[in-house]
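Note that the structure is predicted; figures quoted are calculated from it, not measured. All ligand and atom numbering here is 1-based and tracks the order in the structure.
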Amino acid sequence: MLVAIDGPAGAGKSTVARALARELGFTYLDSGAMYRAVALLSLREPDRAPGALARAHGIWMRPTTPPNRSSTVFVDNEDVTRAIRTREVSDAASRVAADPAVREVLLEKQRALLSDGDWVAEGRDIGTVVAPDAAVKVYLTASAHERARRRAAELGADEATVLAEQALRDRRDIEREHSPLRTADGAVTLDTTGMDVDQVVQRIAELARAAAAER
Ligand code: DC
């Protein structure tokens with residue numbers, strides 16, 4: 001069974017998806033980490049097309065079940081778990097994610113992973129493109145200010161700067177031609193402004209249990 005969680009940057013997807021996977025005993029997939037890995041490669045080798053880099057390098061993750069922290073992300077044999085979390089990589093990730101050649105490579109990898117077992121997968125296009133047949137689809141969002149506040153606290157960065165960078169990434173994710181961020185058909189929208197993590201997790205866990213009971 002698959003629970004798909006999509007939404008804009010800073011909506012709390014990773015925290016919620018990890019806690020939910022723990023609650024349900026499912027495996028967690030952070031699809032954004034794959035785009036970040038391609039972005040890192042592209043910053044290192046700016047003269048090569050990102051799609052070619054995605055194809056040429058082994059991008060893979062070691063998921064933890066149940067997940068207590070981020071999955072370990074590898075490029076070939078290098079552990080890039082920390083290197084992909086910089087602001088420079090965040091910015092580059094939203095650019096490489098607009099490239100259809102990159103999306104094609106990562107889509108194939110994500111579908112292969114999700115074809116077997118029970119998963120909570122989060123990203124921007126899980127419910128719309130990667131797995132439109134997911135048993136549960138959630139569009140997680142929060143006000144722009146709340147999202148920036150959360151990210152700034154997490155990164156120890158200035159809130160106004162994070163808000164400006166976030167607006168740019170939101171626009172790229174929403175306006176891109178290929179697999180733009182949008183609410184999937186049949187998705188439940190959850191605005192997490194003012195909700196705590198546990199409330200959100202319990203709400204989605206209820207949806208997952210109801211979907212399981214219907215099968
Ligand atoms: O969730 P994140 O911030 O780690 O994602 C990094 C970038 O990758 C973000 O700009 C959106 C993009 N992304 C995407 O286009 N599709 C996904 N399924 C996941 C992430």
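Considering both main-chain and side-chain atoms, Tyr35 never comes within under 3.5 Å of ligand 1 through any nitrogen or oxygen pair. Where the criterion is an N or O separation shorter than 3.5 Å, residue side chain and backbone included, Lys13 fails it with respect to ligand 1. The shortest N or O to N or O distance between Arg124 and ligand 1 is below 3.5 Å. Of the polar atoms of Asp30, none of the N or O atoms is found under 3.5 Å from an N or O of ligand 1, judged by distance alone.
Neither the backbone nor the side chain of Met34 has any atom closer than 4.0 Å to an atom of ligand 1 (non-hydrogen atoms only). Neither the backbone nor the side chain of Gln166 has any atom closer than 4.0 Å to an atom of ligand 1 (non-hydrogen atoms only). Residue contacts with ligand 1, taken as heavy atom pairs separated by less than 4.0 Å, involve Arg36 solely via side-chain atoms from C-beta onward. Of the heavy atoms in Asp173, only side-chain atoms (C-beta onward) come closer than 4.0 Å to ligand 1.
The protein atom (non-hydrogen) at minimum distance from atom 18 (N) of ligand 1 is Asp125 OD1, 2.8 Å. With respect to atom 3 (O) of ligand 1, the closest heavy atom belonging to the protein is Arg169 NH2, 2.8 Å. Scanning all protein heavy atoms for the shortest distance to atom 20 (C) of ligand 1 gives Gly32 CA, 3.5 Å.
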Run Asp170 and Arg151 through salt bridge (Lys or Arg N to Asp or Glu O under 4.0 Å) and show every step you take. CA-CA 14 Å; Asp170 280 355; Arg151 266 280 151 103; over 6 Å; no

Set out, in order, the CA-CA distance, both residues' side-chain angles and the distance that settles salt bridge (Lys or Arg N to Asp or Glu O under 4.0 Å) for Glu206 and Arg209, then state yes or no. CA-CA 5 Å; Glu206 270 169 35; Arg209 290 187 185 112; over 6 Å; no

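For Asp116, the CG atom is loosely surrounded, since the number of other residues' heavy atoms within 6.0 Å does not exceed 12.
Closest heavy-atom approach to atom 10 (O) of ligand 1 among the candidates Ser94, Ser31, Ala9: Ser94. Atom 7 (C) of ligand 1 has its nearest heavy-atom neighbour, among Pro8, Ser90, Ala93, in Ala93.
Among Arg203, Arg150, Gln199, the one residue that satisfies the side chain to side chain donor-acceptor pair (under 3.5 Å) test with Thr192 is Arg150.
Distances from ligand 1 to the non-hydrogen atoms of Arg103 include at least one value under 4.0 Å. The closest approach between Arg176 and ligand 1 falls below 4.0 Å for a heavy atom of the residue.
Atom CD of Gln110 and atom CG of Asp125 lie 6.5 Å apart (nearest 0.5 Å). Note that CZ of Arg169 is 8.0 Å distant from CG of Asp91, once rounded to the nearest 0.5 Å. Summarising the geometry, atom CG belonging to Leu53 is positioned 5.0 Å from atom CZ belonging to Arg48; distances are rounded to the nearest 0.5 Å.
Met1 and Ile126 are not part of a single hydrophobic cluster, where members link through side-chain heavy atoms under 4.5 Å apart.
Counting atoms of ligand 1 from 1 in the listed order, those under 4.0 Å from a heavy atom of Ala97 are 12 (C), 15 (O).
What you find for Lys137 and Asp185 is that their closest heavy atoms are NZ-O, 2.9 Å.
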